[in-house]
Amino acid sequence: MSERTLQAIKFDKTNVSLEILDQLLLPYSTSYISIKTIEDAFQAIKLMQVRGAPAIAIVGSFAIVVDTYNYLKYSSESTNRTVESLINSIDYLITSRPTAVNLSNALNDIKNLINKSYKSTDLINQTIYKIIYDYSVALYEDDLANNFKIGENGLNYIKSILKEENFKGPFSIITICNTGSLATSGHGTALGIIRSTYEKLNKSNTNEEFWLDHVYPLETRPYNQGAKLTTYELDYERIPFTLICDNMVSALINTLNDSKPIKHSSAPVKFIIVGADRVVKNGDSANKIGTFQLSVIANYFNSIPGSNKIKFIVAAPNTTIDLNTNSGKDIIIEERPANELTTLKGPVLTANGIGEKLTVGIATPGISVWNPAFDVAPYNLIDAIVTEESSITKDASGKFNLSK
Ligand SMILES: CSC[C@H]1O[C@H](OP(=O)(O)O)[C@H](O)[C@@H]1O
């Protein structure tokens with residue numbers, strides 16, 4: 001494995017240049033690709049070379065910065081670029097991936113900041129560039145700060161639940177997809193809570209009577225963000241984990257509830273912590289396909305009298321909250337190409353390292369395939385929504401009261 005890094009996004013303020021870590025090559029190869037235009041960003045986001053709700057918003061915003069900078073620096077007088085043409089390019093970039101609200105939130109913010117002071121026929125200028133630059137740098141820096149706050153708020157929620165239950169001993173956490181540094185500006189959301197919890201509550205350094213013993217990342221078919229990216233991050237952080245397939249969750253929880261060991265741990269699952277691509281007004285949360293099932297599984301085990309209780313936590317910054325949409329039924333769910341489900345792409349693994357990239361067929365050619373990238377966990381199956389501000393739980397009437 002080539003030199004490891006978790007830095008998904010590199011924005012150079014001096015040269016005004018943008019590079020992204022090509023996540024299609026992880027974990028076997030570390031390769032950064034340059035993003036010079038809005039079109040470059042559209043393709044990289046669409047192909048999921050960069051992915052993760054916060055990360056695609058940050059890359060989209062920085063791409064507009066770089067594209068505008070290069071235009072102002074290198075374009076000849078004849079190519080007069082109007083505000084209207086820039087706004088049209090931004091609208092095009094928003095269509096790259098429809099479900100994660102972060103992308104449209106950020107790019108609409110940029111559009112609104114420009115439209116507040118300029119007419120559609122005005123030409124792009126240095127002041128417009130500065131507006132976009134300042135917004136994008138703040139988005140990146142705020143995301144990192146917010147992720148550490150989400151981590152702290154999630155840790156405090158976990159401690160409050162375990163103390164309330166008078167739980168003692170080791171516990172485990174299940175998570176889906178990748179919600180760490182590779183999906184954000186760093187630290188992560190759901191994986192950020194896991195990082196913060198392990199940092200403060202692993203057996204070797206906690207004064208508490210409970211500790212985080214093991215993490216179970218789901219493979220997360222068909223893109224395999226869990227198998228490729230979350231295991232890469234957990235391994236990098238030396239947090240103990242065991243990879244499982246998406247169809248193993250109920251068996252895993254049941255086995256651990258019977259105090260039977262799974263590979264390296266017998267600690268019961270106490271939390272399922274997931275990220276989000278869009279949390280809407282009533283608390284319904286769109287996230288990677290398979291998340292809805294996890295909320296149903298947690299609810300099933302909690303319905304068994306006297307059983308070990310599992311809290312289902314959604315971790316999301318305010319940039320992922322969409323108060324303009326009332327319920328999960330109104331969320332557009334991105335459908336991705338069939339070949340992402342019917343084939344596997346990856347490098348040949350040889351004795352001396354990795355070889356060329358291959359595509360392997362794993363299904364009957366030409367069959368009907370449904371490949372939604374996300375589903376929606378209903379608010380009534382969610383125990384807490386953890387943001388940079390607090391851990392939000394439902395009120396006495398069983399409703400979330402979300403605000404930003
Ligand atoms: C903090 S990332 C949020 C979200 O984004 C991921 O989706 P994708 O890998 O398709 O961009 C996944 O749903 C994460 O939970």
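Positions are given from 1, in the same order as the sequence printed here.
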Partner residues of [X] under the ring pair (Phe, Tyr, Trp, His ring centres under 6.0 Å) criterion, sequence neighbours left out:
| X | value |
| --- | --- |
| Phe241 | none |
| Tyr92 | Phe42 |
| Tyr69 | Tyr129 |

Scan for ring pair (Phe, Tyr, Trp, His ring centres under 6.0 Å) pairs involving residues 161-181, sequence neighbours excluded, and state none if there are none. Phe171-Phe271
All pairs passing ring pair (Phe, Tyr, Trp, His ring centres under 6.0 Å) where residues 358-389 contributes a residue, at least two apart: none
Using the test salt bridge (charged side-chain N to carboxylate O under 4.0 Å, His left out), find all partners of [X] that sit at least two apart in sequence or belong to another chain.
| X | answer |
| --- | --- |
| Asp122 | Lys119 |
| Glu39 | none |
| Lys200 | Glu152 |
| Lys270 | Glu165 |

Pairs under 3.5 angstrom only: tabulate donor-acceptor contacts from the side chains of residues 51-60 to other protein residues two or more places apart or in another chain.
residue, atom, partner, partner atom, Å
Arg51, NH1, Gln23, OE1, 3.1
Arg51, NH1, Asn178, OD1, 2.9
Arg51, NH1, Leu182, O, 3.3
Arg51, NH2, Asn178, O, 2.7

Counting heavy atoms not belonging to Glu208, are there more than 12 under 6.0 Å from its CD? yes
Kindly list each side-chain donor-acceptor pair under 3.5 angstrom involving residues 338-349, sequence neighbours excluded, with atom names and distances?
residue, atom, partner, partner atom, Å
Glu340, OE1, Arg336, NE, 3.0
Glu340, OE2, Arg336, NE, 3.0
Glu340, OE2, Arg336, NH2, 2.9
Thr342, OG1, Ala338, O, 3.4
Thr343, OG1, Asn339, O, 2.5

Write out all pairs satisfying side chain to side chain donor-acceptor pair (under 3.5 Å) with one or both partners inside residues 288-298, taking only residues at least two apart or from two chains. Asn287-Thr291
